[in-house]
Asks: 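Quick one: the structure is below, and I'll ask about it shortly.
Numbers here simply count residues along the sequence, with the first being 1.
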Amino acid sequence: MAQYIYGKNTVLLRLQNGASIQKLFLLENSKWTDVMALAKQSATPIAFVSRAALDKMVNGNHQGIVAQVEEYRYFSVEEMLASIDSNKQPLLVMCDGLEDPHNLGAILRTADAVGVDGIIIGKHRAVGLTPTVAKVSTGAIETVKVSQVTNLTQTLEDLKKKGFWVCGADSEKAMDYRQADFNVPLVLVIGSEGFGLSKLVKKHCDFTVKLPMVGKVTSLNASVATGILLYQIYSNRHPHSN
């Protein structure tokens with residue numbers, strides 16, 4: 001089944017990676033000559049259409065460029081693990097009930113920046129890989145493997161048997177995130193926007209960390225919190241990196 005992705009960076013990175021595009025739709029008199037050149041190199045069909053036609057295809061700021069692609073592929077957790085460099089300390093992110101595609105897209109973008117090996121999401125009551133996720137990720141959806149599983153807690157149990165530690169982001173009975181040692185094979189678990197970690201998932205965490213909050217607001221946006229924690233993990237593992 002085909003779906004549409006949109007936005008210059010998202011489409012351009014897909015072309016640069018050599019990933020398949022079934023058809024490229026560009027605004028009449030398009031200025032994206034670099035996109036057109038890559039599309040012609042890969043023999044991708046191009047159609048020049050009106051802004052109204054593009055607006056009907058997608059709901060968002062398409063920047064005058066929409067691509068028809070196959071549905072994004074999900075990887076199995078086994079495939080994800082097999083792709084990790086044996087010289088690297090593994091790092092996975094699990095999203096527990098995340099529903100906002102903007103949050104997932106932003107998490108993918110940060111995950112790419114710090115070298116996360118994969119993101120695990122649930123199949124039920126959670127956001128999947130959508131055109132909005134692809135747009136917000138600015139192309140990171142092409143570089144970070146995503147696995148969709150039916151049972152998050154069973155997946156955590158399996159990963160713990162493989163030597164992973166599970167760290168949950170939580171506000172109750174949690175240590176300051178700056179005190180934690182993240183230099184282990186790690187799964188960072190982020191809860192849903194409204195409810196945080198579910199009880200079952202929280203029970204499978206080896207430890208939990210919190211971000212200090214000294215203002216009137218009691219929580220951060222899920223993708224912002226994830227970004228802070230991922231960079232703390234990166235800093236913990238690479239203290240002298242440029």
Side-chain angles (χ1 to χ4, degrees), residues 1-76 79-80 83-85 93 95 98-121 126-148 221-224 226-227 230-231 234 242:
M1 181 179 177
Q3 68 177 15
Y4 296 107
I5 61 171
Y6 58 94
K8 188 197 175 183
N9 287 337
T10 305
V11 175
L12 182 60
L13 187 58
R14 189 175 179 92
L15 285 166
Q16 289 172 338
N17 289 341
S20 162
I21 289 179
Q22 296 175 333
K23 192 169 185 179
L24 184 63
F25 298 89
L26 295 174
L27 184 65
E28 295 164 329
N29 302 315
S30 176
K31 60 183 179 180
W32 304 130
T33 55
D34 50 350
V35 173
M36 287 185 272
L38 282 173
K40 288 176 181 176
Q41 285 178 19
S42 60
T44 300
I46 302 174
F48 294 94
V49 298
S50 66
R51 183 169 296 278
L54 293 175
D55 289 342
K56 286 182 180 180
M57 289 180 192
V58 298
N59 181 26
N61 180 20
H62 49 67
Q63 300 176 294
I65 178 169
V66 175
Q68 180 180 319
V69 300
E70 291 285 344
E71 282 189 304
Y72 276 105
R73 178 196 167 199
Y74 293 99
F75 294 81
S76 68
E79 288 175 313
M80 191 180 289
S83 69
I84 301 174
D85 189 326
V93 173
C95 298
L98 206 67
E99 296 180 338
D100 186 343
H102 294 87
N103 274 332
L104 182 55
I107 289 171
L108 277 163
R109 187 172 182 175
T110 306
D112 174 82
V114 301
V116 169
D117 299 298
I119 293 178
I120 300 169
I121 61 177
V127 66
L129 298 181
T130 68
T132 300
V133 171
K135 175 67 165 61
V136 175
S137 80
T138 63
I141 196 171
E142 304 283 354
T143 62
V144 180
K145 291 180 174 60
V146 178
S147 179
Q148 192 178 53
N221 173 278
S223 61
V224 172
T226 305
L230 285 177
Y231 266 96
Y234 184 87
N242 293 326

Asks: State, to 0.1 Å, how close Phe48 and Ser30 come at their nearest heavy-atom pair, and which atoms those are.
Replies: CE2-CB, 4.4 Å

Asks: Main chain of Gln3, side chain of Tyr72: is a donor-acceptor contact present, judged purely on distance under 3.5 Å?
Replies: no

Asks: Any chance you could lay out the side-chain hydrogen bond (donor to acceptor under 3.5 Å, both in side chains) test for Thr130 and Thr132, step after step, and finish with the verdict?
Replies: CA-CA 5 Å; Thr130 68; Thr132 300; 4.5 Å; no

Asks: Kindly indicate whether the side chain of Leu12, heavy atoms from C-beta on, has any atom under 4.5 Å from the side chain of Leu38.
Replies: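 Yes, at least one pair of side-chain atoms sits under 4.5 Å.
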
Asks: What is the minimum heavy-atom distance between Gln63 and Gly7, and which atoms define it?
Replies: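 Scanning both residues completely, I find the closest heavy atoms to be OE1-CA, 3.3 Å.
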
Asks: Should His62 and Leu27 count as side-chain neighbours, where that means a heavy-atom distance under 4.5 Å?
Replies: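 His62 vs Leu27: side chains apart.
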
Asks: Looking at every non-hydrogen atom in both residues, tell me the closest pair between Gly118 and Val144 and how far apart they are.
Replies: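 Looking at all heavy atoms of both residues, the closest pair is CA-CG1, 4.4 Å.
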
Asks: Considering only heavy atoms from C-beta outward, does the side chain of Tyr231 approach that of Thr110 to under 4.5 Å?
Replies: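 Yes; the side chains approach each other to less than 4.5 Å.
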
Asks: Return the CD1 to CD distance between Ile21 and Gln68, rounded to the nearest 0.5 Å.
Replies: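 It comes to 10.5 Å.
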
Asks: Which atom names give the shortest non-hydrogen contact between Met57 and Val66, and what distance separates them?
Replies: SD-CG1, 3.9 Å

Asks: Could you tell me whether the side chain of Thr138 and the main chain of Asn9 form a donor-acceptor pair under 3.5 Å?
Replies: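 A pair under 3.5 Å: no.
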
Asks: If you round to the nearest 0.5 Å, how far is CD of Gln41 from CG of Leu15?
Replies: 9.5 Å

Asks: With rounding to the nearest 0.5 Å, note down the distance linking NZ in Lys23 to CD1 in Ile46.
Replies: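 It comes to 11.0 Å.
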
Asks: Got Val11 and Ile5 here, is their nearest side-chain heavy-atom distance under 4.5 Å?
Replies: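 They are in side-chain contact.
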
Asks: Determine whether Ile65 and Leu24 make a side-chain contact, defined as any pair of heavy atoms from C-beta on separated by less than 4.5 Å.
Replies: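 Answer yes - side chains close enough.
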
Asks: If I take atom CG from residue Leu54 and atom CZ from residue Phe25, how far apart are they, to the nearest 0.5 angstrom?
Replies: 8.5 Å

Asks: Evaluate the criterion side chain to side chain contact (heavy atoms under 4.5 Å, CB included) for residue pair Asn221 and Asn103; output intermediate values, then yes/no.
Replies: CA-CA 8 Å; Asn221 173 278; Asn103 274 332; 2.8 Å; yes

Asks: Is the side chain of Trp32 donor-acceptor paired with the backbone N or O of Leu26 at a distance under 3.5 Å, no angle test?
Replies: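 Answer holds: no.
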
Asks: To the nearest 0.5 angstrom, please state how far the CZ atom of Arg73 sits from the NZ atom of Lys145.
Replies: 8.5 Å

Asks: Which atoms form the tightest heavy-atom contact between Leu104 and Gly128, and what is the distance?
Replies: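 The answer is CD2-O, 3.7 Å.
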
Asks: Is a side-chain donor or acceptor of Glu142 paired with a backbone partner of Arg14 at a separation under 3.5 angstrom?
Replies: no

Asks: Does atom NZ (Lys8) have a neighbourhood of more than 12 heavy atoms from anything else shown, all under 6.0 Å?
Replies: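 Result for NZ/Lys8: enclosed.
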
Asks: Could you tell me which non-hydrogen atom of Tyr4 sits nearest to which non-hydrogen atom of Val58, and how far apart they are?
Replies: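 It is CB-CG1, 3.8 Å.
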
Asks: Do other residues, nucleotides or ligands put more than 12 heavy atoms under 6.0 Å from Asn59 CG?
Replies: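 Result for CG/Asn59: open.
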
Asks: Please report the interatomic distance OG1(Thr44) to CD(Gln22), rounded to the nearest 0.5 Å.
Replies: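 Atom-to-atom, Thr44:OG1 and Gln22:CD are 10.5 Å apart.
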
Asks: Please check this pair: side chain of Ser223 against backbone of Ile107, looking for a donor-acceptor N/O pair closer than 3.5 Å.
Replies: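 Checked: no pair found.
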
Asks: Do Cys95 and Ile119 have side chains that approach each other closer than 4.5 Å (heavy atoms only, starting at C-beta)?
Replies: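 Yes - at least one pair of side-chain heavy atoms lies under 4.5 Å apart.
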
Asks: Within a reach of under 6.0 Å around CG of Asn17, are more than 12 heavy atoms found that belong to other residues, nucleotides or ligands?
Replies: yes

